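First up is the structure itself, then whatever we jot down about it.
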Amino acid sequence: MGPPGAGKGTQAGRIAAERGLAHIATGDMLRAAVRDGTPLGLEAKAVMARGDLVSDDLIIAMFRERLGADDTSAGVLLDGFPRTEAQAGALDDMLLGLDRSIAAVVVFDIDEETVVRRLSGRRMCRANDHVYHVESNPPAVEGVCDIDGSELYQRDDDQPDVIRTRFRKQWIEAAAPVIEYYRGRGLVSNLDAAQSREQVSAELDELLDGLGARA
Ligand code: ADP
Ligand code: AMP
């Protein structure tokens with residue numbers, strides 16, 4: 001968990017690939033739905049563009065279907081879900097039914113000005129949401145994804161005013177009770193996400209290795 005721009009997707013993509021976990025990013029799934037023009041995408045598009053949360057009902061149904069896919073059996077890394085108390089409750093019910101549990105909740109701590117700076121320079125690829133930054137992590141060829149060759153673009157919601165709305169509504173307001181809920185269950189580890197990619201990676205790897213050792 002963490003505010004937009006904290007580096008969740010950057011780390012989750014790397015870790016999922018390295019550890020053979022399924023990376024479930026609800027934001028990526030929604031952008032694919034918008035791209036494909038599905039009913040879900042049509043409903044979510046304007047909500048996302050103004051920085052609000054998509055309705056719990058839609059998100060929970062989309063997530064439930066994804067969690068049922070075959071590639072989730074070895075473990076799942078959740079990125080951007082759950083974001084509300086209703087979503088956290090629905091996740092608990094789903095996990096109970098599957099006889100599975102949450103191993104850890106990592107909270108990425110970072111201040112608003114740093115995320116505004118990061119997201120103003122973020123570029124994503126059209127095909128697979130691979131993440132770049134114009135200054136700190138540019139692609140080899142400007143405007144082209146190193147990994148799949150698709151076009152890089154700037155998200156509609158990565159404009160300073162929308163970034164600030166997302167930070168306030170989605171992080172400060174909606175996420176706080178979810179974090180407290182998990183903290184009460186002893187699941188939360190906080191991480192200083194304003195550090196360099198290398199430092200964040202090292203801390204996260206140590207944390208995950210520790211979980212592996214306990215499993
Ligand atoms: P989130 O998934 O939390 O919204 P991203 O992983 O997309 O965040 O990262 C947001 C932006 O910040 C991207 O442009 C990414 O390249 C950049 N970024 C990610 N981690 C770091 C870091 N530790 N230091 C500086 N920039 C970073
Ligand atoms: P992200 O890619 O995680 O920054 O998400 C992009 C946008 O998708 C968010 O600003 C929300 O509008 C929407 N979204 C993603 N995940 C969720 C979720 N779990 N609940 C509600 N809305 C979501």
Side-chain angles (χ1 to χ4, degrees), residues 1-16 23-35 40-41 43-64 66-67 77-91 106-125 128-139 145-146 152-159 162-171 173-175 178 191-204:
M1 298 184 68
K8 304 180 299 293
T10 299
Q11 293 295 332
R14 175 186 70 82
I15 289 166
H23 174 198
I24 302 186
T26 45
D28 292 355
M29 294 173 71
L30 289 168
R31 278 184 292 280
V34 170
R35 206 158 45 227
L40 168 65
E43 198 155 343
K45 189 172 191 240
V47 178
M48 293 168 73
R50 64 172 185 262
D52 283 335
L53 286 170
V54 174
S55 80
D56 285 331
D57 289 351
L58 287 178
I59 292 288
I60 290 166
M62 177 185 82
F63 179 81
R64 180 178 283 115
R66 178 66 185 87
L67 193 64
L77 210 157
L78 302 184
D79 171 5
F81 179 95
R83 258 153 141 125
T84 64
E85 290 178 281
Q87 292 177 21
L91 176 62
V106 183
V107 173
F108 282 47
D109 291 319
I110 193 161
D111 61 283
E112 183 171 349
E113 295 318 311
T114 307
V115 301
V116 171
R117 224 175 20 253
R118 281 190 187 176
L119 293 184
S120 300
R122 174 162 70 180
R123 297 293 181 271
M124 270 194 176
C125 86
N128 292 297
D129 294 285
H130 293 125
V131 183
Y132 297 85
H133 191 279
V134 286
E135 282 159 14
S136 68
N137 183 29
C145 179
D146 291 344
L152 301 186
Y153 74 106
Q154 181 168 29
R155 281 168 47 173
D156 288 346
D157 56 352
D158 279 350
Q159 304 297 334
V162 186
I163 297 168
R164 291 184 194 282
T165 301
R166 290 157 67 203
F167 189 91
R168 198 182 64 249
K169 285 197 186 170
Q170 299 193 22
W171 182 241
E173 293 170 16
V178 183
L191 181 146
D192 177 4
Q195 302 177 98
S196 70
R197 281 182 192 72
E198 293 70 24
Q199 286 168 315
V200 174
S201 298
E203 259 192 50
L204 211 42

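Since the structure is predicted, the reported quantities are computational estimates derived from the model, not experimental observations. In each ligand, atom 1 is the first atom listed, and ligand 1 is the first ligand listed. Quick note: residue numbers are just sequence positions, from 1.
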Taking [atom] as the reference point, the nearest protein heavy atom with its distance:
atom                    : answer
atom 6 (O) of ligand 1  : Thr10 OG1, 2.6 Å
atom 23 (N) of ligand 1 : Gln195 O, 2.9 Å
atom 18 (N) of ligand 1 : Arg197 NH2, 3.5 Å
atom 24 (N) of ligand 1 : Arg118 NH2, 3.2 Å
atom 8 (O) of ligand 1  : Gly7 N, 3.2 Å
atom 7 (O) of ligand 1  : Arg122 NH1, 2.6 Å
atom 4 (O) of ligand 1  : Gly5 N, 2.8 Å

Does atom [atom1] of [X] have more than 12 heavy-atom neighbours, drawn from other residues, nucleotides or ligands, at distances under 6.0 Å?
X      : atom1 : value
Gln170 : CD    : yes
Asp28  : CG    : yes
Glu135 : CD    : no

Any nitrogen or oxygen of [X] lying under 3.5 Å from a nitrogen or oxygen in ligand 1? Just yes or no.
X      : result
Leu119 : no
Val131 : no
Lys8   : yes
Pro4   : no

How far does [atom1] of [X] sit from [atom2] of [Y], to the nearest 0.5 angstrom?
X      : Y      : atom1 : atom2 : value
Ile110 : Arg117 : CD1   : CZ    : 8.5 Å
Gln199 : Leu204 : CD    : CG    : 13.0 Å
Ile59  : Leu53  : CD1   : CG    : 8.0 Å
His23  : Ile15  : NE2   : CD1   : 9.5 Å
Asp157 : Arg50  : CG    : CZ    : 12.5 Å

So which bit of [X] gets within less than 4.0 Å of ligand 1, heavy atoms only: side chain, backbone, both or neither?
X      : answer
Tyr132 : backbone
Ala194 : neither
Ser196 : backbone

Exercise. Return the set of residues passing side chain to side chain donor-acceptor pair (under 3.5 Å) with Asp109 (not counting sequence neighbours), or none when no residue passes.
Key: Asn190
Self-check item: Partner residues of Glu112 under the side chain to side chain donor-acceptor pair (under 3.5 Å) criterion, sequence neighbours left out
Solution: Arg164
Quiz item: If every non-hydrogen atom of Ala88 is compared with every non-hydrogen atom of Val178, which pair is closest and at what distance?
Solution: CB-CG1, 4.1 Å
Self-check item: Closest contact, heavy atoms only, Val162 versus Ala49
Solution: CG1-O, 3.6 Å
Under 4.0 Å from a heavy atom of [X]: which atoms of ligand 1 are those, numbered in the order shown and with their elements?
X      : answer
Gly9   : 1 (P), 2 (O), 6 (O)
Pro3   : 3 (O)
His133 : 14 (O), 16 (O)

Practice problem: Kindly indicate, with the supporting measurements, whether the criterion side-chain contact (heavy atoms from CB on, under 4.5 Å) is fulfilled by Met48 and Arg31. | Solution: CA-CA 9 Å; Met48 293 168 73; Arg31 278 184 292 280; 3.9 Å; yes
Quiz item: Does Phe81 have any ring-ring contact (aromatic ring centres under 6.0 Å, His included) partners at least two apart in sequence or in another chain, and if so, which?
Solution: Phe63
Just the distances, no angles: every ligand 2 N or O to protein N or O pair closer than 3.5 Å, one line each.
residue  : atom   : partner : partner atom : Å
ligand 2 : 2 (O)  : Arg31   : NH1          : 2.9
ligand 2 : 2 (O)  : Arg31   : NH2          : 3.0
ligand 2 : 2 (O)  : Arg155  : NH1          : 3.4
ligand 2 : 3 (O)  : Arg83   : NH1          : 3.1
ligand 2 : 3 (O)  : Arg83   : NH2          : 3.1
ligand 2 : 4 (O)  : Arg155  : NH2          : 3.1
ligand 2 : 4 (O)  : Arg166  : NH2          : 3.4
ligand 2 : 10 (O) : Gln170  : NE2          : 2.8
ligand 2 : 12 (O) : Asp52   : O            : 2.6
ligand 2 : 16 (N) : Thr26   : OG1          : 2.8
ligand 2 : 16 (N) : Arg83   : NH1          : 3.1
ligand 2 : 19 (N) : Gly80   : O            : 2.9
ligand 2 : 19 (N) : Gln87   : OE1          : 3.0
ligand 2 : 20 (N) : Gln87   : NE2          : 2.9
ligand 2 : 22 (N) : Val54   : N            : 3.1

Quiz item: Do any heavy atoms of Ala6 fall under 4.0 Å from ligand 1?
Solution: yes
Quiz prompt | Result of checking Asp158, Asp156, Asp52 against Arg166 for salt bridge (Lys or Arg N to Asp or Glu O under 4.0 Å) | solution = Asp158
